[in-house]
**Student:** 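Have a look at this one before I ask anything.
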Protein chains: 2
Amino acid sequence: MADLNIASARDRHPAPDPAGQPPEPSWDLIELLFFAYRDFVGDPDEVLAKFGFGRAHHRVLHFVNRHPGITVASLLDILKITKQSLGRVLKQMISEGYIVQKEGANDRRQRLLYATPKGEALAMKLAGLQTARITRALRELGPGAHEAARRFLVAMIDASGRDDVLRQIARADQLRKAAHQAR
Amino acid sequence: MADLNIASARDRHPAPDPAGQPPEPSWDLIELLFFAYRDFVGDPDEVLAKFGFGRAHHRVLHFVNRHPGITVASLLDILKITKQSLGRVLKQMISEGYIVQKEGANDRRQRLLYATPKGEALAMKLAGLQTARITRALRELGPGAHEAARRFLVAMIDASGRDDVLRQIARADQLRKAAHQAR
DNA sequence: TATTTAGGTCAGCCATATTGACATATTTTG
DNA sequence: CAAAATATGTCAATATGGCTGACCTAAATA
């Protein structure tokens with residue numbers, strides 16, 4: 001078993017592809033992404049099931065919690081699903097008191113979305129599970145592993161959407177920090 | 001924009017959590033995993049759609065191609081789905097000539113699965129798309145990025161399944177290399 | 001010979017997504 | 001102000017990919 005990691009580090013890239021031939025696929029990263037992501041999203045599933053929710057609910061709650069007051073349109077833009085798909089899930093979470101809507105102050109057509117305390121608690125619990133996995137993983141690796149993972153994942157995102165994603169994360173962090181200090 | 005990356009590298013981890021308080025979630029990696037994985041699996045979708053296939057077909061074809069002669073039971077074990085779910089997809093891919101079954105030599109109850117040349121061509125095309133994204137990403141990062149990504153992803157997998165996954169990848173690489181040299 | 005194993009299949013259900021057609025309220029524009 | 005555009009919601013039908021439960025055959029094994 002110990003042999004597995006050592007031998008593979010050398011063999012993984014047989015050689016710069018012999019001119020002309022299509023390069024050998026990155027089987028390792030392709031498959032590791034599959035398995036890692038499956039486990040990563042699997043953690044919250046048990047908890048969600050107890051509430052009668054699924055992954056769609058998780059995603060909605062997550063981003064509403066991260067972006068208090070987000071518009072329906074922005075949420076659709078992040079999730080890249082249709083209004084109808086969102087509608088089904090959102091209606092449930094509102095009627096069960098995990099999310100509330102407030103009329104926009106400037107634009108009264110908007111229904112700004114907020115997690116309720118109950119909603120925030122669930123969102124934090126789910127994020128906690130995923131964070132535990134991440135923390136466990138990073139602890140096994142050297143320092144700089146967080147930054148390396150972050151860089152890799154950013155680079156894996158479509159160039160067209162990359163800046164939006166980074167801006168979005170930075171903005172949510174800012175908001176959260178401000179809210180924290182206000183306590 | 002340039003500011004985004006520089007500032008964030010410092011601010012991301014405000015401090016070792018003040019004793020007692022639950023640590024702040026890893027929002028960045030949680031969200032980057034979501035966006036990165038979405039784009040990663042999105043690449044093959046267009047191609048698959050042209051063949052009337054979906055992601056389920058992709059997964060089946062991928063692992064059959066990677067593990068020529070795999071048993072139905074092993075495939076179920078990797079995919080963690082039910083026989084019935086696999087059946088529907090597999091039946092289609094067999095009837096359309098992307099996969100064939102051969103009776104096991106030792107155990108004639110087994111139906112060993114193989115990708116046909118047509119199936120292999122499709123599998124390689126899909127793997128090529130995902131590899132292109134990975135290669136693009138790694139090219140932007142320093143050397144060692146492949147290994148760092150690999151380590152991170154391995155560490156993100158459930159400890160219980162990790163060795164199986166690594167063995168599985170190593171075995172498939174071996175087989176492939178052998179088959180290559182035989183040409 | 002009896003039991004277990006490998007695989008297949010039918011039927012019904014659920015979750016999540018889609019397209020397309022409309023409806024309502026509000027804001028913006030000519 | 002009237003007309004057009006925008007933000008949101010909703011109904012209906014459909015596709016995909018999962019699931020459980022029940023039951024079947026053929027082959028291996030105890």
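Every value quoted in this text rests on a predicted model; they were computed, and no experiment measured them. First the proteins, then the strands, lettered A, B, ... as listed; each starts at 1.
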**Student:** What is the distance, rounded to the nearest whole Å, between atom NZ of A:K91 and atom C1' of D:dT8?
**Tutor:** 13 Å

**Student:** Does a sphere of radius 6.0 Å around CD in B:E103 hold more than 12 heavy atoms from other residues, nucleotides or ligands, not counting ones at 6.0 Å or beyond?
**Tutor:**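 Yes.
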
**Student:** A:I99 CD1 to D:dG9 P: how many Å, rounded?
**Tutor:** 12 Å

**Student:** Quick check on A:K125: does its NZ atom have over 12 non-hydrogen neighbours (other residues, nucleotides or ligands) under 6.0 Å away?
**Tutor:**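 For A:K125, atom NZ is not crowded (no more than 12 foreign heavy atoms under 6.0 Å).
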
**Student:** Would one find a side-chain N or O of A:R59 under 4.0 angstrom from OP1 or OP2 of C:dA17?
**Tutor:**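 For C:dA17, OP1 or OP2 has a side-chain N or O of A:R59 closer than 4.0 Å.
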
**Student:** Determine: side-chain N/O of B:H57 to OP1/OP2 of D:dT16, distance under 4.0 Å, yes or no.
**Tutor:**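 So the side chain of B:H57 is outside the cut-off, no N or O lying under 4.0 Å from OP1 or OP2 of D:dT16.
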
**Student:** Atom CD1 of B:I94 to atom C1' of C:dT9: distance rounded to whole Å?
**Tutor:** 14 Å

**Student:** Could you tell me how the ring of A:F63 sits relative to the ring of A:H67: parallel (under 30°), tilted (30 to 60°) or perpendicular (over 60°)?
**Tutor:** parallel

**Student:** Applying a 4.0 Å non-hydrogen cut-off, can you work out what A:Q101 is touching in the nucleic acid: base, sugar-phosphate, or nothing?
**Tutor:** sugar-phosphate

**Student:** Rounded off to whole Å, could you give me the CZ-to-C1' distance for the B:R88 and C:dC14 pair?
**Tutor:** 13 Å

**Student:** Rounded to the nearest Å, what distance is computed from the CG atom of residue A:L61 to the P atom of nucleotide C:dT16?
**Tutor:** 13 Å

**Student:** Hey, can you tell me if B:Y98 and B:F51 have their rings parallel, tilted or perpendicular (30° and 60° cut-offs)?
**Tutor:**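 Correct class here is perpendicular.
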
**Student:** Between B:Q92 (CD) and C:dG8 (C1'), how many Å, whole number?
**Tutor:** 16 Å

**Student:** Would you check if the side chain of A:R150 reaches a backbone N or O of B:L29 as a donor-acceptor pair within less than 3.5 Å?
**Tutor:** no

**Student:** Kindly indicate, with the supporting measurements, whether the criterion side chain to side chain contact (heavy atoms under 4.5 Å, CB included) is fulfilled by A:F40 and A:I134.
**Tutor:** CA-CA 9 Å; A:F40 171 70; A:I134 291 171; 4.1 Å; yes

**Student:** B:L112 CG to C:dG8 P: how many Å, rounded?
**Tutor:**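 From B:L112 CG to C:dG8 P: 11 Å.
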
**Student:** For the pair made of CG in B:D77 and C1' in C:dG7, what is the distance, rounded to whole Å?
**Tutor:**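 In whole Å, C:dG7 C1' lies 15 Å from B:D77 CG.
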
**Student:** What does the B/S/- profile of nucleotides 20-30 of chain D look like, 5' to 3', with a 4.0 Å heavy-atom cutoff to protein?
**Tutor:** BBB---BBS--

**Student:** Measuring from B:T116:OG1 to B:M93:CE, what's the distance to the nearest 0.5 Å?
**Tutor:**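 The CE atom of B:M93 is 8.5 Å from OG1 of B:T116, to the nearest 0.5 Å.
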
**Student:** Output the residues of residues 37-54 of chain A in contact with DNA chain D, where contact means a heavy atom of the residue under 4.0 Å from an atom of the strand; sort by number or write none.
**Tutor:**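 Close to the strand, none.
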
**Student:** Need one value for A:R55: base, sugar-phosphate or nothing, where a base atom within 4.0 Å counts as base even if backbone is also close, heavy atoms only.
**Tutor:** sugar-phosphate

**Student:** Excluding sequence neighbours, so at least two apart, what forms side chain to side chain contact (heavy atoms under 4.5 Å, CB included) with A:L175?
**Tutor:** A:P68

**Student:** As a quick check of understanding, evaluate salt bridge (charged side-chain N to carboxylate O under 4.0 Å, His left out) for A:D173 and A:R176, giving each step before the final call.
**Tutor:** CA-CA 5 Å; A:D173 284 349; A:R176 197 166 180 85; over 6 Å; no

